Protein chains: 2
Amino acid sequence: MKSVTIYDIAREANVSVATVSRVLNNSAPVKESTRRRIMEIIERNRFQPNALARSLLKKETGTIAMILPDITNPFFPEVFWGAENMGRELGYTFFLCDSAGDYKRESEYLGILRERRVDGIIFLGGRINVANCPSDLVQEVVDLSVHTPVVLVNGQLAGSGLHRIFTDEAKGAEMVVRHLIELGHRDIAFLGGLEYMSTTRVKIRAVRKVLKEHGLELAPDRIKYGDFSIQAGKTLMDELLASPRRPTAVICVNDFTAVGAIKSASEHGLGIPDDISITGFDGTPLSEAVIPELTTVSQNAYELGKLAVESLHKLINGGKVKKQTVLEPRLIVRKSTGPAKKVC
Amino acid sequence: MKSVTIYDIAREANVSVATVSRVLNNSAPVKESTRRRIMEIIERNRFQPNALARSLLKKETGTIAMILPDITNPFFPEVFWGAENMGRELGYTFFLCDSAGDYKRESEYLGILRERRVDGIIFLGGRINVANCPSDLVQEVVDLSVHTPVVLVNGQLAGSGLHRIFTDEAKGAEMVVRHLIELGHRDIAFLGGLEYMSTTRVKIRAVRKVLKEHGLELAPDRIKYGDFSIQAGKTLMDELLASPRRPTAVICVNDFTAVGAIKSASEHGLGIPDDISITGFDGTPLSEAVIPELTTVSQNAYELGKLAVESLHKLINGGKVKKQTVLEPRLIVRKSTGPAKKVC
DNA sequence: TCGTAAATTGTAACGGATTTCATTCTGCTT
DNA sequence: AAGCAGAATGAAATCCGTTACAATTTACGA
């Protein structure tokens, strides 16, 4: 199963490999007649140069890796899609590594990607999303970043000084709270998210801040931690509704949990938004698909991916890049929120 | 930015590169003291062998590529997730190529993957999903498959003899129709899907077949073609409901369009399933999230991905693999279908 | 027709691993 | 202490491109 090499082409065309290479890359002038002759032979043999050999010498592979925590969560495909579209134009091919949010898998992948000499890495989820990341896990990424540019999307590694691109989630959460307060809600709960993850903490902190501005607070029993799944949303909402006095509005950590919350509320015979308002976060297509359509905070996932690749591309080519790029969240008011109603 | 090579290690340890290589791969016995000395130096220098160099010589890269039509459609992440989990254990890393269903992009990627010498390719969507694929597009894949194993998932290339893994969609569609007929439905419509795609055709053919068995038919005005998006489902359902006599049940080409159909029906004031039954296809998490929960045909996307990698792995290692692996669909009856009701 | 600059083309080193075959150590037998 | 098998190690070829530098042609003016 030996495949055709540049030597085979050179031999058949009675030229040196250098000339064939020049035809291949247009890297130097070649006599028109020679070029045509070589081209014909290349095409007839369906020759395609071996990217491994080229990369080995040029020390660049034209590959970017994206490490993310869960490709089945619709937010991430959107980020990937943005990244890939930008990357394709720039000549990159993508490794996709699903870490399942597991630090160990992340480390494994980090090692593999280093061996494979990827040109750059886009990192989402996992360790860059926890409040207090163990320093050895930080160090690992920092070490790698010395040779391979790394961009963190929606996360950070304290003290690492790595490049970051993220949505201002705090601002997004604030917008949601303000929206609910304007609708007259005074008893608001927060639902979903792992307690130790920063995406959860940041939102809760923001909610607290705005509530405080209005003389309100987020009582401990109005926070229900869980994970980010539909199932969690449902379970947590069940719990919340079991309490004697139920809140008039619930802010969910993401669209998935909001969908679960809606299911639970419906099953309890509550009308949305008449009896209770529910909000999501992320603005995935799902938020528009569900009934009632979700009021949510849209983060431009596509743009996050696109910008990550853009930055990486500059870094790869030794350019200067801003350490932080912040994307503005956008509040999308739809059908799942409405005026507060007195609760019996 | 020179990185550490096996030569650097060898020099520092006062041995030849061969010995270092042997330590690295356990490919031959090395004296224990030497091994320890070398290991220490490797670790201290954080040396990781260059996968490009190894691959160049060994003619295997440990990479598999998945080409798919739309990573933002939740069915595909599920397939990828299955593939990756299986592949990770076998030592593969994954390229993900989103073709957007575009033949040209598919061809581009096919070329790139060949250059990169991937060990195998999992192909979904695009050209393998159309009824009459132009022969040059078929040939392109067949040519590639001579050097690189290819597995087609949920599709085929007529006459190509390529390995296939797919869900028996016809059977799935039949199950849905039987279910609806048992519920007393006589006027059933089919909604969504591009007319020229085989996934659409196969389903419609199956629906026709079963209806015919019961002396019923699928009239032309009971078929609404479109694409596979939520939006399409909504628009097409709007059209359908504009007709004088509306069907009592609607079979949608996938879960996305079913969600759109539900939205449309709700907006028209119809109760589901009281006024109209709606079914999905694929069994994505979305089908469970939506209200009412969708009756749908589940194809085990995770398993498709997993089996694809398994087959590929065997093919890569010269093993024998069945030309076809068929997965059984599973009818999941939930809340979106109910007994037929007389229509005014 | 000769000389020289410009246009083409060729030679060979290099990138970083693996592996075959040859060589040098060991330790043990007698 | 010599001989020898088996263990440990090394030398060098190989994979397939790119490119610096050298060598050869070609073209054109004098």
Side-chain angles (χ1 to χ4, degrees), chain A residues 1-39 41-42 45-63 91 111-112 114-119 147, chain B residues 1-39 41-42 45-63 91 111-112 114-119 147:
Chain A
M1 204 72 89
K2 243 191 93 9
S3 58
V4 185
T5 75
I6 199 172
Y7 287 89
D8 301 324
I9 303 298
R11 191 176 324 112
E12 192 170 338
N14 261 314
V15 294
S16 74
V17 292
T19 304
V20 178
S21 175
R22 286 189 268 257
V23 168
L24 243 28
N25 308 303
N26 263 311
S27 50
V30 172
K31 209 208 296 183
E32 192 49 34
S33 62
T34 318
R35 148 168 279 120
R36 265 203 297 275
R37 179 158 45 96
I38 294 177
M39 281 299 263
I41 296 173
I42 287 177
N45 293 65
R46 290 218 181 67
F47 166 70
Q48 283 203 285
N50 184 326
L52 299 170
R54 181 195 302 124
S55 296
L56 179 57
L57 186 57
K58 307 237 299 188
K59 294 170 176 320
E60 60 178 46
T61 54
T63 55
I112 291 173
R114 191 162 154 227
E115 280 191 0
R116 296 198 184 284
R117 303 297 193 261
V118 296
D119 290 341
H147 297 94
Chain B
M1 203 73 91
K2 246 190 93 10
S3 59
V4 185
T5 75
I6 197 173
Y7 287 91
D8 301 324
I9 303 298
R11 191 174 325 114
E12 193 169 336
N14 262 315
V15 294
S16 74
V17 291
T19 304
V20 179
S21 175
R22 286 188 268 256
V23 169
L24 243 28
N25 308 302
N26 262 312
S27 49
V30 172
K31 207 208 298 184
E32 191 48 33
S33 63
T34 319
R35 148 168 279 119
R36 264 205 297 275
R37 180 158 44 93
I38 293 178
M39 282 300 262
I41 296 174
I42 286 177
N45 292 66
R46 292 218 179 65
F47 167 69
Q48 282 202 286
N50 185 325
L52 299 169
R54 180 195 302 124
S55 298
L56 179 57
L57 183 58
K58 308 237 298 186
K59 292 168 176 325
E60 62 178 45
T61 53
T63 55
I112 291 172
R114 195 165 149 222
E115 281 190 358
R116 296 197 185 282
R117 301 298 193 262
V118 296
D119 290 342
H147 297 93

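Basis for what follows: all heavy atoms, side chains included, without hydrogens, waters or symmetry-related copies. All figures in this text were calculated on a predicted structure; none of them were measured in a lab. All chains are named by letter (A, B, ...) in the order of the sequence lines, taking the proteins before the strands, and each is independently numbered beginning at 1.
- For A:Asp119 against A:Gly62, the heavy-atom pair with the smallest separation is OD2-N, 2.6 Å.
- Between the side chain of B:Arg117 and the main chain of B:Leu56, no donor-acceptor pair closer than 3.5 Å is present.
- When the salt bridge (Lys or Arg N to Asp or Glu O under 4.0 Å) test is applied to B:Arg46, the partners found at least two apart in sequence or on another chain are A:Asp143.
- Considering CZ of A:Arg114 and CD1 of A:Ile112, their distance stands at 13.0 Å, rounded to 0.5 Å.
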- A:Lys31 and A:Thr19: CA distance, side-chain angles, deciding distance, side chain to side chain contact (heavy atoms under 4.5 Å, CB included) verdict: CA-CA 10 Å; A:Lys31 209 208 296 183; A:Thr19 304; over 6 Å; no
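- Across the interface with DNA chain C, nearest-nucleotide mapping of B:Ala51 and A:Leu57 shows A:Leu57 to be the residue nearer the 5′ end.
- Put simply, chain A comes within 4.0 Å of DNA chain C, heavy atom to any atom, from C:dT8 to C:dG16, going 5' to 3'.
- Of the residues in residues 17-27 of chain A, those with a non-hydrogen atom less than 4.0 angstrom from any atom of DNA chain D are A:Ala18, A:Ser21, A:Asn25.
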- Item | side chain to side chain contact (heavy atoms under 4.5 Å, CB included) between A:Ile42 and A:Glu12, worked out | CA-CA 10 Å; A:Ile42 287 177; A:Glu12 192 170 338; over 6 Å; no
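- In this structure, B:Thr34 reaches the sugar-phosphate backbone alone: every heavy-atom distance under 4.0 Å involves primed, P, OP1 or OP2 atoms, never a base.
- Proximity of a side-chain donor or acceptor of A:Ser21 to a complementary backbone N or O of A:Val17 within less than 3.5 Å is not detected.
- Among residues two or more places apart in sequence or in another chain, the side chain to side chain donor-acceptor pair (under 3.5 Å) test is passed with B:Asn45 by none.
- Summary of the strand contacts: B:Leu56 and B:Val30 both lie near DNA chain D, and taking for each the nucleotide with the nearest heavy atom, the more 5' one is attributed to B:Val30.
- From one end of the helix from C:dT1-D:dA30 to C:dT30-D:dA1 to the other, with five pairs defining each end axis, the axis direction shifts by 60° (rounded to 10°).
- On the nucleic acid side, DNA chain D has its first and last nucleotide under 4.0 Å of a heavy atom of chain B at D:dA8 to D:dC16, going 5' to 3'.
- The two residues B:Phe47 and B:Thr5 make their nearest non-hydrogen contact at CE1-C, 3.6 Å.
- The closest side-chain heavy-atom distance from A:Thr61 to A:Arg116 is not below 4.5 Å.
- Residue B:Ile6 holds its CD1 atom at 12.0 Å from CZ of B:Arg11, rounded to the nearest 0.5 Å.
- Within 4.0 Å of A:Asn14, counting heavy atoms only, lie sugar-phosphate atoms of the nucleic acid but no base atom.
- Put simply, CD1 on A:Ile9 and CZ on A:Arg37 are 12.5 Å apart, with the number rounded to the nearest 0.5 Å.
- Between A:Thr34 atom OG1 and A:Asn14 atom CG the span is 11.0 Å, to the nearest 0.5 Å.
- Residue-to-nucleotide proximity on DNA chain D shows that, of A:Lys31 and B:Arg37, the 5′-proximal contact is made by B:Arg37.
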